[in-house]
Visitor: 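One structure coming up, written as structure tokens, with questions to follow.
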Amino acid sequence: MHDPEVADRVRKVIADAGVTQREFARRIVMDPSKLSRSLGGTRRFTAAELARIADEGGVDVGRLLGSARAPEAPQRRERAAAPEGGRPLQIVRETVRLIAERGFHAVRVQDIAAACDTSTAAIHYHFPGRDDLLEAAVRWCMDEDTARRAARVADAADTADELRQLIELQIPRTPQQRWQWSVWLDLWAEAARSTAMGRLHADYYRQWRSTVADVIRRGIAEGVFRRADPAAAALRLTALIDGLATQVLASAPEAPGTSPDDMHEALIAYVDATLTAR
């Protein structure tokens, strides 16, 4: 049953943090819609979510739950030497890094704890199970990818340039870009086995294809692109990006195979042949 007093205490923690509700959700690696529903009374906070809220707010989780306390001023937990972004974000970032290096199923909680210089109990405190940790990792990757796209296209000259920038951002040229793609490929495989991950995967791709379709739609209106079904064009283009990126990652950097330049050339040729106005 929803406890409105818990919701009120969480609202105060968010207010004291001085950030928006969405930013607070990002910091505790929680779906913003889940936070909103929990505050609104249509969903209960899980114990792990309350633990992350308490950690980010620097308060005792017992106080969020209304545990009896002495009447003196609220005690705040020590946060000396807290990792940048808070412990939950550190755990998720290190999890994503280890997934890229080893694959999700080869990563142990002990490995994550060692990377974070903390205990396995601390990992379980924030993320009780592997599914909780994987969902948080997926959401963090989604947020990071969305933020990079927004920053990349901010100064695009026109919609054609905007689409080219989106394409360039998907080319695994640098070690960091290859790292990101490695994570995505591993998470895709997990999504195929997990209903919860499958839903997250579908949500992310709905947003990504919608972004590409919107650029194409605006380009058609501006006369930059020829008339086409934006949604269908976005589906084909994003599928081509995924397939080519997989080929690039499967090719050793110094061995024959699909190179990042091959991928870029193929994508630009595809856009010119199917979308660019003549």
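Side-chain atoms are counted along with the backbone in the values below, which use heavy atoms only and exclude waters and symmetry mates.
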Visitor: Using side chain to side chain contact (heavy atoms under 4.5 Å, CB included) as the criterion, list what pairs up with Pro230, not counting sequence neighbours.
Guide: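 Listed in chain order: Ala213, Ile216, Arg217, Ile220.
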Visitor: Return the set of residues passing side-chain hydrogen bond (donor to acceptor under 3.5 Å, both in side chains) with Glu101 (not counting sequence neighbours), or none when no residue passes.
Guide: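 Here the qualifying residues are Arg97.
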Visitor: Can you name the residues that form a side chain to side chain contact (heavy atoms under 4.5 Å, CB included) with Gln180, not counting sequence neighbours?
Guide: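 Gln180 satisfies side chain to side chain contact (heavy atoms under 4.5 Å, CB included) with Arg148, Gln176, Gln177 only.
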Visitor: Measuring only between side-chain heavy atoms, which start at C-beta, is Val29 closer than 4.5 Å to Ile91?
Guide: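 Of all side-chain heavy-atom pairs linking Ile91 with Val29, none is under 4.5 Å.
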Visitor: Which residues satisfy the salt bridge (charged side-chain N to carboxylate O under 4.0 Å, His left out) test with Asp155, sequence neighbours excluded?
Guide: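 Per chain and number, Asp155 pairs via salt bridge (charged side-chain N to carboxylate O under 4.0 Å, His left out) with no residue.
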Visitor: In Å, rounded to the nearest 0.5 Å, how long is the span from CG of Asp186 to NE2 of His105?
Guide: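 Taking CG in Asp186 and NE2 in His105, the distance rounds to 7.5 Å.
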Visitor: Taking only residues two or more places apart in sequence or in another chain, which ones pass salt bridge (charged side-chain N to carboxylate O under 4.0 Å, His left out) with Arg130?
Guide: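 Checked Arg130 against salt bridge (charged side-chain N to carboxylate O under 4.0 Å, His left out); zero matches.
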Visitor: Between the side chains of Arg87 and Gln90, is a donor N or O closer than 3.5 angstrom to an acceptor N or O?
Guide: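 Side-chain D/A pair, Arg87 to Gln90: present.
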Visitor: Would you call Arg218-Asp214 a salt bridge at under 4.0 Å N-O?
Guide: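 Looking at Asp214 together with Arg218, the answer is yes, because their closest N to O distance falls below 4.0 Å.
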Visitor: Keeping Glu23 on the side-chain end and Thr20 on the backbone end, is there a donor-acceptor pair under 3.5 Å?
Guide: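 No, because the side chain of Glu23 does not come within donor-acceptor range (under 3.5 Å) of the backbone of Thr20.
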Visitor: Quick one: side-chain hydrogen bond (donor to acceptor under 3.5 Å, both in side chains) partners of Thr118, sequence neighbours excluded?
Guide: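 Scan of Thr118 (side-chain hydrogen bond (donor to acceptor under 3.5 Å, both in side chains), adjacent residues dropped) gives none.
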Visitor: Contact between Leu163 and Leu275 at the side-chain level, heavy atoms closer than 4.5 Å - yes or no?
Guide: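 Touching, per the 4.5 Å side-chain cut-off.
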Visitor: Do Val215 and Ile268 belong to the same hydrophobic cluster, where Ile, Leu, Val, Met, Phe, Trp and Tyr are linked whenever their side-chain heavy atoms lie under 4.5 Å apart, directly or via other members?
Guide: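 Same cluster.
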Visitor: Sequence neighbours excluded, which residues qualify as ring-ring contact (aromatic ring centres under 6.0 Å, His included) partners of Trp181?
Guide: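 Scan of Trp181 (ring-ring contact (aromatic ring centres under 6.0 Å, His included), adjacent residues dropped) gives Trp188.
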Visitor: For Ala160, check side chain to side chain contact (heavy atoms under 4.5 Å, CB included) against everything at least two apart and list the hits.
Guide: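 For Ala160 the side chain to side chain contact (heavy atoms under 4.5 Å, CB included) partners, ignoring immediate neighbours, are Asp158, Arg164, Val224, Phe225.
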Visitor: Counting N and O atoms only, with roles assigned by atom type, does the side chain of Arg11 sit under 3.5 Å from a partner on the main chain of Leu39, one being a donor and the other an acceptor?
Guide: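 A pair under 3.5 Å: yes.
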Visitor: What is the distance from atom CD of Gln170 to atom CH2 of Trp208, rounded to the nearest 0.5 Å?
Guide: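 Output value for this atom pair is 4.0 Å.
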Visitor: For residues Phe127 and Val109, determine if any side-chain heavy atom of one lies less than 4.5 Å from a side-chain heavy atom of the other.
Guide: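 No. Closest side-chain heavy atoms not under 4.5 Å.
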Visitor: Can you confirm whether Tyr125 sits close enough to Val61 that some side-chain heavy atom of one is under 4.5 Å from a side-chain heavy atom of the other?
Guide: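 The answer is yes; the side chains approach within 4.5 Å.
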Visitor: Could you tell me if the side chain of Tyr270 sits less than 4.5 Å from the side chain of Ile167, heavy atoms only?
Guide: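 The answer is no; the side chains never approach within 4.5 Å.
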Visitor: So, Thr120 side chain and Gln110 main chain: donor-acceptor pair closer than 3.5 Å or not?
Guide: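 It does not hold such a pair.
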Visitor: Leu249, Leu267: one ILVMFWY side-chain cluster at the under-4.5 Å cut-off?
Guide: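 Cluster IDs for Leu249 and Leu267 match.
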Visitor: For Arg149, which residues count as a salt bridge (charged side-chain N to carboxylate O under 4.0 Å, His left out) partner, sequence neighbours excluded?
Guide: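 Applying salt bridge (charged side-chain N to carboxylate O under 4.0 Å, His left out) to Arg149 gives Asp145.
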Visitor: Search all heavy atoms of Pro32 against all heavy atoms of Ala25 and return the closest pair with its distance.
Guide: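 Residues Pro32 and Ala25, closest heavy atoms: CA-CB, 3.9 Å.
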Visitor: Strictly below 4.0 Å, N to O, side chains only: are Lys12 and Asp16 in salt-bridge contact?
Guide: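 Result for this pair is yes, salt bridge flagged.
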Visitor: List in chain and number order the residues that pass side-chain hydrogen bond (donor to acceptor under 3.5 Å, both in side chains) with Asp117, two or more places apart in sequence or in another chain; answer none if no residue qualifies.
Guide: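 If we apply the side-chain hydrogen bond (donor to acceptor under 3.5 Å, both in side chains) test to Asp117, skipping adjacent residues, there are no hits.
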Visitor: Just so I know, are the side chains of Met263 and Pro172 near enough to count as touching, which here means a heavy-atom distance under 4.5 Å?
Guide: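 Met263 reaches Pro172 side chain to side chain.
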Visitor: Who are the side-chain hydrogen bond (donor to acceptor under 3.5 Å, both in side chains) partners of Asp31, not counting sequence neighbours?
Guide: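 Counting only residues at least two positions away or on another chain, Asp31 forms a side-chain hydrogen bond (donor to acceptor under 3.5 Å, both in side chains) with Ser33, Arg139.
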Visitor: Arg26 versus Arg22: any side-chain heavy-atom pair under 4.5 Å?
Guide: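 A side-chain contact under 4.5 Å is absent here.
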Visitor: Rounded at 0.5 Å granularity, tell me how far CG in Leu89 sits from CG in Asp143.
Guide: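 Spacing of CG (Leu89) from CG (Asp143) equals 9.5 Å.
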Visitor: Report the C-alpha distance between Arg52 and Arg27 in whole Å, list the side-chain angles of each, state the deciding distance to 0.1 Å, and finish with yes or no for side-chain contact (heavy atoms from CB on, under 4.5 Å).
Guide: CA-CA 9 Å; Arg52 299 201 294 274; Arg27 292 184 181 186; over 6 Å; no
Visitor: When rounded to the nearest 0.5 angstrom, what distance separates NE2 in His264 from CD1 in Ile241?
Guide: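 So the gap between those two atoms works out to 10.5 Å.
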Visitor: Could you check whether any side-chain heavy atom of Val248 comes within less than 4.5 Å of a side-chain heavy atom of Asp262, counting everything from C-beta outward?
Guide: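 They are not in contact (no side-chain heavy atoms under 4.5 Å apart), so the answer is no.
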Visitor: Distance check, rounded to the nearest 0.5 Å: Ser182 atom OG versus Arg102 atom CZ?
Guide: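 Rounded to the nearest 0.5 Å, the OG-CZ separation comes to 14.5 Å.
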Visitor: CH2 of Trp184 to NE2 of His201: how many Å apart, nearest 0.5 Å?
Guide: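 With rounding to 0.5 Å, CH2 (Trp184) is 8.0 Å from NE2 (His201).
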Visitor: Holding to side chain to side chain contact (heavy atoms under 4.5 Å, CB included), I want the full list of residues that pass it with Ser36, two or more places apart in sequence or in another chain.
Guide: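 Ser36 satisfies side chain to side chain contact (heavy atoms under 4.5 Å, CB included) with Gln21 only.
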